[in-house]
Amino acid sequence: MAGDRPAERATTYDVVIVGAGFSGLYQLHVLRQRGYAVHLVEANGGPGGVWYANRYPGVRVDSHVPNYEYSIEEVWRDWIWSERFPGGEEICRYFRHVDDVLGLSADISYDTRVTAASYDEGADAWSIDLEDGATMTARHLILCTGFATKPYIPDLPGLANFEGPCHHTARWPSRGVALDGRRVGVIGTGASGVQVVQEAAKVATKLVVFQRTAVTALPMQQRKLDPDHERRAKQYLADVFARRNNPPGSLHDIERRGESALAVSEEERVTVYRDAWNEGGFHFWGGTFADVAVDEEANRTAYDFWRDETRARVHDPVTAEILAPTDPPYPFGTKRPALEQDYYDCFNQPNVELVDLRTSPITEITARGVRCADAHHELDVLVLATGFDANTGGLTAIDVRDTRGRSLADRWADGVDTTLGLAVSGFPNLFFLYGPQSPTAFCNGPTCAERQGDWLADLLDHLRACGVTRIEPRPGADQAWTEHVDAVGAAMLLSRTDSWYMAANIPGKRRQLLNYPSSDAYLEALADCAAAGYDRFVLR
Ligand code: NA7
């Protein structure tokens, strides 16, 4: 009987975790090891978080392995990657391997969505509502909902009228969507749009790419990995991960050089840029000169290198100017660069057309295509690669209420404030990992999951040892951290550009920096807080 299920499942835990991506799974693993009664609730049908949800053609990670994996030896010992930047299917296989090795699914409810949570002050515990009507209670609630969970679909006039298949990249049907022999439109040229374009260009009879802002896509320098070599390289992995995990280890494996781009000769500068370019991945973004992120003139030298390399690949000069404008549309690197393999080459193909939405904006989606100011583009399939309500969307989608009954969504309606990007005052015993105002999109996901996750596990151990049943940020702690994040951002070029880092991709969302841009400083702040007896929090 359907009515029996909620009663069967109603149960009490030390900790309930929401979300089975890198953060949530690690947290489950580490807290179980430390003897907590912990359960994980996941809306999807399996582990993997964004990798479970994003099934669009070409989906691939932009961080290379072995960086993009757990440092847990039982997990890495027998796992062999096939590519330097693995695709979505391989990453989903990896998550199943993680689950097999660590036996995580025994403590996970899949296909189960948390809809709401409220705090019981008498019991110092969260009451957690599930979509099917069941309730769980837990002393601590840890939200690991990821930074790119809630798709953003722009309010394009007539969107519902399109008669063909129309999907957001993060809601791609698991059975797939036929693109071969079709006329395909892709709106959006961020990381997801670039990846879809590379695949669609190979099979579509016609591909129309609708670009609003040029993406500064960087060469991935993808390569296949030789399994024998990978097996032999395992002997070094323990050291690689030890460096990653021991302070002051960065949450990213790419470091800037000390000197200014303007303090070296032209020849030396070009050599540095060329080396980073050839290294691939994000090296050109984060691994060149110290001042590229903070000084406009230095930044321009990086942009010019990128522009010239990119334009050299595009045959038509008008298309080249739209893709890689003479003058930067924004300081280089202040919107997230995508990684590409043959993105720019696609525009040399006769079946691929680029539409510059700055000069010819979309006026309407029609039953058969996209009407722009100067043309109607007939399409069979429409792909919305339009991004996410990033950083906060996954958290505010849950109706989680503070001790006065106010929701987190209301609390953050005029702007986000947190303590260490991990907690909010008024919400006792609630934590979020990989959340707003922590390094999140500026760090390597698995590294961040482990470093933040260990810190939180240590905090829970401390509470358990001291017999503390309630913890929340000290009055003023949220404001202090928010002011600090804003000040760090204000000193960087980052804050000048409208991007999802700045919460500026969603109409009405308050513009503020939502990712903390210095991983090492963040780890130091965590360590200092712990060393001072968690002084940013009230424990009782
Ligand atoms: P992004 O990086 O947010 O990209 C979204 C793209 O969609 C971007 O090019 C936007 O242009 C474009 N967009 C958004 N709204 C519109 C409208 N109304 N009209 C035209 N174009 C629009 O999302 P991704 O999914 O590519 O990547 C998200 C991250 O997830 C990625 O970086 C990885 O870390 C994982 P804009 O630049 O705003 O002009």
Side-chain angles (χ1 to χ4, degrees), residues 21-22 48-51 53-63 68 85 88 91 146-159 167-172 185-198 208-218 220 252 281-282 285 322-323 325 328-330 333-340 343 354-365 370-373 377 382-391 393-394 434 439-445 448 497-509 511 514-515:
F22 271 112
V50 287
W51 299 107
N54 282 261
R55 296 171 182 228
Y56 61 84
V59 59
R60 184 175 296 288
V61 68
D62 282 350
S63 294
Y68 200 71
F85 294 90
I91 297 173
F147 84 99
T149 310
K150 189 176 169 193
Y152 168 58
I153 298 183
D155 190 14
L156 296 166
L159 187 57
H167 300 285
H168 188 280
T169 43
R171 292 290 177 269
W172 204 255
V186 177
I187 300 179
T189 54
S192 307
V194 164
Q195 293 182 339
V196 175
V197 164
Q198 292 177 143
V208 186
V209 181
F210 298 92
Q211 174 192 292
R212 188 165 67 181
T213 311
V215 61
T216 50
L218 301 173
M220 178 175 268
H252 220 290
F282 287 140
W285 183 25
I322 300 168
L323 289 169
Y330 47 85
T334 58
K335 272 168 101 81
R336 185 181 182 280
L339 297 189
E340 58 90 28
Y343 179 67
L354 180 65
V355 174
D356 181 2
L357 297 180
R358 301 268 165 180
T359 55
S360 183
I362 295 172
T363 55
E364 181 194 9
I365 308 295
V370 174
R371 190 180 310 286
C372 291
H377 302 272
L382 187 56
V383 181
L384 303 174
T386 45
F388 299 87
D389 179 0
N391 297 295
Y434 214 55
T440 306
F442 293 132
C443 71
N444 177 51
C448 200
T497 300
D498 284 345
S499 67
W500 53 260
Y501 297 135
M502 295 300 301
N505 67 324
I506 303 295
K509 203 166 169 177
R511 196 178 187 286
L514 287 182
N515 292 127

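Each ligand, and each atom within it, is numbered from 1 in the order the structure gives.
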Query raised in the report: What atoms of ligand 1 come closer than 4.0 angstrom to any heavy atom of G188?
Result: 6 (C), 7 (O), 9 (O), 12 (C)

Query raised in the report: With side chains defined as the heavy atoms from C-beta onward, is the minimum distance between T216 and W285 less than 4.5 Å?
Result: no

Query raised in the report: Side chain, backbone, both or neither: which part of T169 comes within less than 4.0 Å of ligand 1 when only heavy atoms are counted?
Result: neither

**Report entry** W500: numbered ligand 1 atoms lying under 4.0 Å from its heavy atoms
**Finding:** 1 (P), 2 (O), 3 (O), 29 (C), 32 (O)

Query raised in the report: What's the shortest distance from atom 27 (O) of ligand 1 to any protein heavy atom, and which residue and atom give it?
Result: S192 OG, 3.9 Å

Query raised in the report: What residue and atom, counting heavy atoms only, is the protein's closest point to atom 30 (O) of ligand 1, and at what distance?
Result: F388 CE1, 4.0 Å

Query raised in the report: Tell me, which protein residue and heavy-atom name are nearest atom 4 (O) of ligand 1, and how many Å apart are they?
Result: G190 CA, 3.6 Å

Query raised in the report: Just wondering, do I187 and L156 contact through their side chains at under 4.5 Å, heavy atoms?
Result: yes

Report summary line: Interatomic distance, CG@N391 vs OG1@T149, rounded to 0.5 Å, equals 9.5 Å

Requested in this report: Please test W500 against F147 for ring pair (Phe, Tyr, Trp, His ring centres under 6.0 Å), starting from the C-alpha separation and ending with a verdict.
Outcome: CA-CA 10 Å; W500 53 260; F147 84 99; 5.4 Å; yes

Query raised in the report: For atom 21 (N) of ligand 1, which candidate among V196, I187, T213, T497 provides the closest heavy atom?
Result: I187

Report summary line: If we number the atoms of ligand 1 from 1 as shown, the ones under 4.0 Å from a heavy atom of A191 are 26 (O), 31 (C), 32 (O)

Query raised in the report: Which pair of non-hydrogen atoms, one from S192 and one from T169, has the smallest distance, and what is that distance?
Result: CB-OG1, 3.9 Å

Query raised in the report: Do N444 and Y68 come within less than 4.5 Å of each other through their side chains, counting heavy atoms only?
Result: yes

**Report entry** Per-residue contact class, S499 against ligand 1 - non-hydrogen pairs under 4.0 Å
**Finding:** neither

Query - Mode of F147 contact toward ligand 1 - side chain, backbone, both, neither (heavy atoms, under 4.0 Å) - result: side chain

Requested in this report: Please state which part of P154 comes within less than 4.0 Å of ligand 1, counting heavy atoms only: side chain, backbone, both or neither.
Outcome: side chain

Report task. Examine the side chains of R212 and T189 and answer whether a donor and an acceptor come within less than 3.5 Å of each other. Result -> no

Report summary line: min-distance protein heavy atom vs atom 32 (O) of ligand 1 -> R336 CD, 2.8 Å

Report task. Check whether any side-chain heavy atom of P507 sits under 4.5 Å from a side-chain heavy atom of Y152, and report yes or no. Result -> yes

Report summary line: ligand 1 to L357, heavy atom cutoff 4.0 Å, flagged ligand atoms 20 (C)

Report task. Supply the atom-to-atom distance Y501 OH to T440 OG1, rounded to the nearest 0.5 angstrom. Result -> 11.0 Å

Query raised in the report: If we only count heavy atoms from C-beta on, is the M220 to D62 side-chain gap below 4.5 Å?
Result: yes

Query raised in the report: Strictly under 4.0 Å, does any heavy atom of A385 approach an atom of ligand 1?
Result: yes

Query - atom 19 (N) of ligand 1: nearest protein contact (heavy atom, Å) - result: R212 NH1, 3.9 Å

**Report entry** Top protein contact for atom 23 (O) of ligand 1, by heavy-atom distance
**Finding:** G387 CA, 3.1 Å

Query raised in the report: Hey, what do you get for CG (L323) to CG (L354), rounding to the nearest 0.5 Å?
Result: 5.0 Å

**Report entry** ligand 1-proximal atoms of Y152, by part, heavy-atom distance under 4.0 Å
**Finding:** side chain

Query raised in the report: Is it true that F210 lies under 4.0 Å from ligand 1, counting heavy atoms only?
Result: no

Query raised in the report: So, do C372 and L357 sit near enough that their side-chain heavy atoms are less than 4.5 Å apart?
Result: yes

Requested in this report: Determine, considering heavy atoms only, which of T189, D155, V194, V59 sits nearest to atom 8 (C) of ligand 1.
Outcome: T189

Query raised in the report: Does K335 have a non-hydrogen atom less than 4.0 Å from ligand 1?
Result: yes

